[in-house]
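Following: one structure in structure tokens, then a few remarks.
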Amino acid sequence: MAFSVSTTPLLGVLSSSNQPSRFGSERHSDLRSALLPISTSRRQPRPRTLGAELPDSVRKNVRTEIKAVGSTYGNYFRVTTFGESDGGGVGCVVDGCPPRVPLSEADLQVELDRRRPGQNRITTPRKETDTCHIYSGLAEGFTTGSPIMIKVPNTAQRGKEYSEMATVYRPSHADATYDFKYGTRSVEGGGRSSARETIGRVAAGAIAKKILKEFAGTEILAYVSQAHKIVLPEDLVDHETLTLDQVESNMVRCPNPEYAEKMIAAIDAVRERGDSVGGVVTCIVRNVPRGLGSPVFDKLEAELAKAALSLPSTKGFEFGSTFLTGSEHNDEFFMDEHGRVRTRTNRSGGIQGGISNGETIHMRIAFKPTATIRKKQKTVTRDKKETELIDRGRHEPCVVARAVPIVEASVSLVLIDQLLAQYAQCQMFPINPEFQEPLQLPKLEQSPIFMPSVQKASIS
């Protein structure tokens, strides 16, 4: 995890001089020399304590902030993942989860089992049970509103297999760039750049999916629509009737049996050659509440793209329809039998102006070929010598099958965060029923989200 460190002087309370200035009682020249200790000499840098170079009058009024960078997502439903590929374990901390949601480790394990390695011959051979444990945030089977910590221990570490990687950069891995950024890295298994980090996202996503389903009936489904050059035609999948059972009916997670066999054959062919291929995962979201997403920098599709492209090996994000004329692309409006404004087509992909319109959201995420292959490649060592390498790490010929539940989890984290934002900003006061719809709070006596004791108290 990286950190940013900032020192902020509390202006107006400094007292090293009696001469007034625009910076309170501290002279401008004193502040400049204190806060910008720049030297043009070539002396070797020496270790120093943060703020030690500042005068006592300045240092005692300096406020230091250290913020975690890059491992947290969300504003209201905040998820921080932790752990490395071959460390002691991986997991997440979820902050901002609503209270009184029924939750158990079994709820999370269902999704983690879908992501688990070693399931079949077209995934990584690493054998892990990925058994999760919840350490906080629950009481009597319900969330309390406090942070939920979830951890999955690593049990199949093979640190010795990566001894050669300690000195050699693997082509298209993050080895070199982690060195470029941090000056150090976790060698075994790729550390934080490993797809094993996504366990935390899947665990947190399981909570998000549960809330979205119970609160608004929202369903999130992903499937493999392309593996290497085998492309599933869009008209062969009905997004209105697609089920999880159809997706999970084969090892490649393609809902069409004919194309699933073609994809498996293509992956098998490159696996036997020690090579790898990429592919595409399509994700749909049904029953999305209207109004999610905020202009202009927090548009819903922008948040979805950020979440998707933060996943390992992702290279592209496509949303709705693109290369059409305006007359072909525009979705005409109509009034349905319930008096709701709808669109006759859905080329916008369920989002217009960065805000969900209630139609099915659909997107496509492209994944590159796995960087770990069994072929000899040219590279360089950490001490800048050219050499050759055959990667001896565990080989996954194509990541798209295991990426399916990871994509679903990432999408769910975006939607739950946006749902809470919409409820906080636009549902606090009475809505304008001419245009707005309620976010469909479930009825107390029908919803399993509320604790039994609360139900009894309300009924009495």
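Thr387 meets the side chain to side chain donor-acceptor pair (under 3.5 Å) test with no other residue; sequence neighbours excluded. Contacts of Gln246 classified as side-chain contact (heavy atoms from CB on, under 4.5 Å), with partners at least two apart in sequence or in another chain: Leu242, Thr243, Pro255. By the ring pair (Phe, Tyr, Trp, His ring centres under 6.0 Å) test, Tyr178 is found to be paired with Tyr182, residues two or more places apart in sequence or in another chain being considered. Residues meeting the side chain to side chain donor-acceptor pair (under 3.5 Å) test with Thr343, sequence neighbours left out: none. Take Asp95 and apply the side-chain contact (heavy atoms from CB on, under 4.5 Å) test, not counting sequence neighbours, and it matches Arg78, Pro147. Here Thr360 pairs with Glu240 under the side chain to side chain donor-acceptor pair (under 3.5 Å) rule; sequence neighbours left out. Every side-chain contact (heavy atoms from CB on, under 4.5 Å) that Ala204 has, sequence neighbours left out, goes to Val79, Cys92, Val94, Leu413. Legend: residues meeting side chain to side chain donor-acceptor pair (under 3.5 Å) with Asp383, ordered by chain and number and at least two apart, are Thr381. Every residue was checked against the side-chain contact (heavy atoms from CB on, under 4.5 Å) condition with Asn330, not counting sequence neighbours, and none meets it.
Environment of CZ in Phe334: crowded, with over 12 heavy atoms of neighbouring residues, nucleotides or ligands closer than 6.0 Å.
No side-chain donor-acceptor contact under 3.5 Å links Thr81 to the backbone of Gly91. Listed for the Asp268 side chain is no donor-acceptor partner under 3.5 Å among the backbone atoms of Glu272. Checking side-chain atoms of Gln418 against main-chain N and O of Gly293 turns up a donor-acceptor pair under 3.5 Å. For Glu128 (side chain) and Arg116 (main-chain N/O), no donor-acceptor pair under 3.5 Å exists by modelled atom type. At least one donor-acceptor pair under 3.5 Å links the side chain of Gln436 to the backbone N or O of Asn432. Asn154 places a side-chain N or O within donor-acceptor distance of the main-chain N or O of Glu84, the cut-off being under 3.5 Å. At least one donor-acceptor pair closer than 3.5 Å links the side chain of Thr143 to the backbone N or O of Val101. Of the possible polar contacts, one joining the Glu105 side chain to the Ile134 backbone as a donor-acceptor pair under 3.5 Å is found. A donor-acceptor contact shorter than 3.5 Å links the side chain of Asp417 to the backbone of Asn75. Between the side chain of Gln109 and the backbone N or O of Cys132, at least one donor-acceptor pair lies under 3.5 Å.
The list of side chain to side chain donor-acceptor pair (under 3.5 Å) pairs with a residue in residues 287-303, not counting sequence neighbours, reads Tyr73-Glu303, Arg290-Glu437. For the salt bridge (Lys or Arg N to Asp or Glu O under 4.0 Å) condition, the pairs that include at least one residue of residues 399-415, sequence neighbours left out, are Arg114-Glu408, Lys209-Glu408, Glu396-Arg402. Judged as a salt bridge (Lys or Arg N to Asp or Glu O under 4.0 Å), the pairs with a partner in residues 326-339 (not counting sequence neighbours) are, in order, Asp336-Arg342.
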Q: Decide yes or no on side chain to side chain donor-acceptor pair (under 3.5 Å) for Thr131 and Thr129, but give the supporting numbers first.
A: CA-CA 5 Å; Thr131 303; Thr129 62; 3.1 Å; yes
Q: Starting from the C-alpha separation in whole Å, work towards a yes-or-no answer on side chain to side chain donor-acceptor pair (under 3.5 Å) for Ser71 and Arg192.
A: CA-CA 10 Å; Ser71 292; Arg192 286 291 285 168; 3.1 Å; yes
Q: Verify salt bridge (Lys or Arg N to Asp or Glu O under 4.0 Å) between Lys262 and Glu258, making sure each step is shown before the conclusion.
A: CA-CA 7 Å; Lys262 294 179 180 179; Glu258 177 186 353; 3.6 Å; yes
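Put simply, CD1 on Ile406 and OG1 on Thr314 are 10.5 Å apart, with the number rounded to the nearest 0.5 Å. Atoms CD1 and OG, from Ile207 and Ser412 in turn, are 9.5 Å apart once rounded to the nearest 0.5 Å.
Below 30°, between 30° and 60°, or above 60°: for His239 and His362 the angle between ring planes is between 30° and 60°, a tilted geometry.
When the options Ser276, Pro171, Pro397 are evaluated for a side-chain contact (heavy atoms from CB on, under 4.5 Å) with Ile373, the one that passes is Ser276.
Using a 4.0 Å cut-off between a side-chain N of Lys or Arg and a carboxylate O of Asp or Glu, Asp130 and Arg115 qualify as a salt bridge.
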